[in-house]
Structure formats: structure tokens, C-alpha cells
Amino acid sequence: MTDIQQLLREDLRGRTPYGAPQLDVPVALNTNENSYAVPPAVVDDIVAAVAAVAHGLNRYPDREFTDLRGDLAAYLTGSGTAVGPEQVWAGNGSNEVLLHLLQAFGGQGRTALGFTPAYSMHPIIAATTGTTWVDGLRGVDPDSGGGGGAFDLSVASAVAQVEQADPHVIFLCSPNNPTGTALTLDIVAAVHDAAPRAVVVVDEAYAEFARPGTPSALTLLEGRPRLVVTRTMSKAFAFAGGRLGYLAADPDLVDALRLVRMPYHLSTPTQAIARAALRHSDTMLATVDVVKAQRDRIVATLTGLGLDPVPSDANFVLFGGLRDSRTTWQALLDEGVLVRDVGIAHYLRVTAGTPEETTAFLDAVAALGPDHLEGQS
Ligand code: PMP
């Protein structure tokens, strides 16, 4: 029998694929989706949009997704920073957009740096493109000899690590998954300036959930042709199943991505349903405030229960103070609540869902015995 591992590319042997469990549970709070279903009026428009394009499915889609680009640019512009259609790129989820970036600017003999813990797919996508991954660290400040929160990233630390690695691609995740906190723009600007040959990617998948006064890196794009801001319709927009992610950057950088994408990568139905959803932006985003309130409730309640939640600008909360993440993950699952073990000892991550889902999660945590808490016997 052929051993597939022997046939596989050497650098992929023994690796594990992305694998957030997809379990059928009453309360699924493990992949940072928006728990609210697409409202009926939007569903009607989506169905009509698919019907309108169905007869033309014998033809390939618009390779340049021109109309969708225009709509995405208008959406970003409406959220406060003027962005033109020529500055927009899109893919089947922002994961594909990240893949295009690494295909174009990473690859064999090149390095990408991210600050761990951050989004687990950044190193995985780097690996698939043969890009060498450099694990930058948070919570260390070489100048002050430490200090700050365990997951904080200071300007000095970020710049020192970037200068040492001199990477070709840098990932900044803001708000950061899995820790939840947004970066200040001075870190983005300093990292950009410290890495003259790098494409700097700010992954803003959760931007719409940020606390007031948290500006987007979109405001830094002007005059920085190596800076990229990625976004997605999967989170605040409640459209994870639609698979539409996008980015904003300099038109020349956007143009370069056409070299690596598969022709016609965005299907006609994908373009049509994304445009239909964007026509209802206000409705699709109406749940953001409700979700943010649940996030803040999670932080407050877990603190009261003696746990250690990390302040969050996203639709999820990372919380520490657990004796053993895996044991508590299983105990919550036994109560029908699925959260995420992100591989950080003593921590778990929970998505802020509906008020009812949040109550189910908080009740399940409150019912945990003291032996689940760190430092208890
Ligand atoms: N970036 C971050 C930080 C994420 O957490 C996720 C999804 N978990 C993505 C990108 C990718 O999401 P999608 O492909 O659905 O846009």
C-alpha cells in the first residue's frame, strides 16, 4: 500500500489541518460566527438575486467582480474611510484573500512573521505556500524587560522583533483572535516603517465589534503602498456561509493579486448574494450592538466568578484562570455549550452569541466546581 505521507511534500508531512469541531450542539460558541440568522427580508433579496443570475450560469462569472468591488468600496467608504473600487480585492472568505497575499508576496525562500497567539490560519496558510513562518511573541518588551499584559504587544517589542526577522510579510491581527484586544495604530505604523521590504497585513476580521475610539488601519492606507487591511463578511455581517472576504490596499498591490488567483474564483452566485447582503448592510449589522453587549456581559460576569477574561474588541472573549482547559472544555460541552480550546494553557475562548446562548454559557460556567479553577485544590 502506498504511504501517502511519503508522497506528500516534505514540509507538509505530519502537519495537522485546521479543525475547529463542527458538532451538533444546542449552544455553538466556538467559531466566532454571528448567532443571528439572516433576516427574512434579506433572504428574499438573496433568493431573488440567485434567481436573476441562474439563467446565465452557462457563462463564467465576471473575473474582476467589478460590481461587487464597487459595493465593497462603498461599504468601507460609508464606514468612514474613502476607499475606491480599484483598492478592493475579494475572495471566498478572507482566508482566501490571505492565501492570495502569501502566494504573491511570500513563497519559497521568503518569511512571514506574526505575533503569537494570533489567528491560527496565518501560519497554516504560510505553510501551504511554502513561506517560512517566524513566530513573533506578545507580552515581552525587550526594552522594559517585561511588563504589560500577557498578550499585549508594545511598539518597542514589535519593532525589535520585526527588525530582527526582516520578513517579507507581516501579520498584525486587530482585534486579535484569540485574545480579543485591538492594536493601537501607532504599532501598525511603527511596524510598517521598521520593515521596509515587507507587505504589512492588518487582519481586521472583527473590526466592526471594536470598542468606541478604536480606529481602523484603513485610515493609514493613504501613502503606505505596502499596507493591506483585510476584512470579512463572516463575522459582524453574519454571512459566514456566504464566504466573502476582502481587502483594501494600494491599487498596484491589488492588481498584483490577479497573478495568483484562479480565474473566476468568485462564482456568479457568490457575487450576487454578497451584493444582495451588502444592499442590506444596516439590517445585516443590526445585531452588532447586541453582540457587543453580550461580550461585555461575559467579561463582567466571568470576572465576578473569579476567572480572568481578557478585554475584548471582538465578538468573543478569551478567559483564563482555569486549571485545565481541556477538562473545562469537556465539562461545558457536557452541558451542551461548545467553546474553543485555542491551545493556550489555562484559557478558553467563547463567542458572544444571543442573550440566551450567553446565559446558557454563563450558567454552565457558574455551575463548574471549584476544582476547575486554577490555584484551587
Ligand atoms: N481572520 C481572522 C482573525 C479570523 O478569526 C477568521 C475566521 N475565524 C478569518 C480571518 C477568516 O474568516 P473568513 O475566511 O470566514 O473570512
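First listed ligand is number 1; within each ligand, the first listed atom is number 1.
In this structure, a donor-acceptor pair under 3.5 Å is present between the side chains of Thr129 and Thr131. Side-chain polar atoms of Ser267 and Gln271 form no donor-acceptor pair below 3.5 angstrom.
Nearest protein heavy-atom contact of atom 8 (N) of ligand 1 is Lys235 NZ, 3.1 Å. For atom 1 (N) of ligand 1, the nearest protein heavy atom (residue, atom name, distance) is Asp203 OD2, 2.7 Å.
Ligand 1 places these atoms under 4.0 Å from at least one heavy atom of Cys173: 3 (C). Ligand 1 places these atoms under 4.0 Å from at least one heavy atom of Asn177: 3 (C), 4 (C), 5 (O). Under a 4.0 Å criterion applied to the non-hydrogen atoms of Tyr206, ligand 1 contributes the atoms 3 (C), 4 (C), 5 (O), 8 (N). Interface atoms of ligand 1 facing Ser234, defined by a heavy-atom separation under 4.0 Å, are 13 (P), 15 (O), 16 (O).
Salt-bridge check for Arg323 with Asp371: failed, with every basic side-chain N at 4.0 Å or more from each acidic carboxylate O.
The aromatic rings of His265 and Trp89 lie parallel to each other, their planes meeting at an angle below 30°, with 60° marking the opposite boundary. Ring geometry for His122 versus Tyr119: interplanar angle over 60°, hence perpendicular rather than tilted (30 to 60°).
Polar contact with ligand 1: present for Ser94 (N/O pair, distance under 3.5 Å). Between Tyr18 and ligand 1, not a single N/O pair is under 3.5 Å apart.
Taking a 4.0 Å cut-off on heavy atoms, Ala240 fails to register as neighbouring ligand 1. The closest approach between any non-hydrogen atom of Gly245 and ligand 1 is not below 4.0 Å.
Using a 4.5 Å cut-off on side-chain heavy atoms (C-beta onward), Phe65 and Tyr264 make no contact. Side-chain contact between Glu374 and Leu322 is absent, with no heavy atoms from C-beta onward closer than 4.5 Å.
Nearest residue to atom 14 (O) of ligand 1 from Glu204, Glu96, Arg243 is Arg243 (criterion: closest heavy atom).
The environment of CZ in Arg59 is sparse: at most 12 heavy-atom neighbours from other residues, nucleotides or ligands sit within 6.0 Å.
Looking at Asn95 against ligand 1, both its backbone and its side chain come within 4.0 Å, counting heavy atoms.
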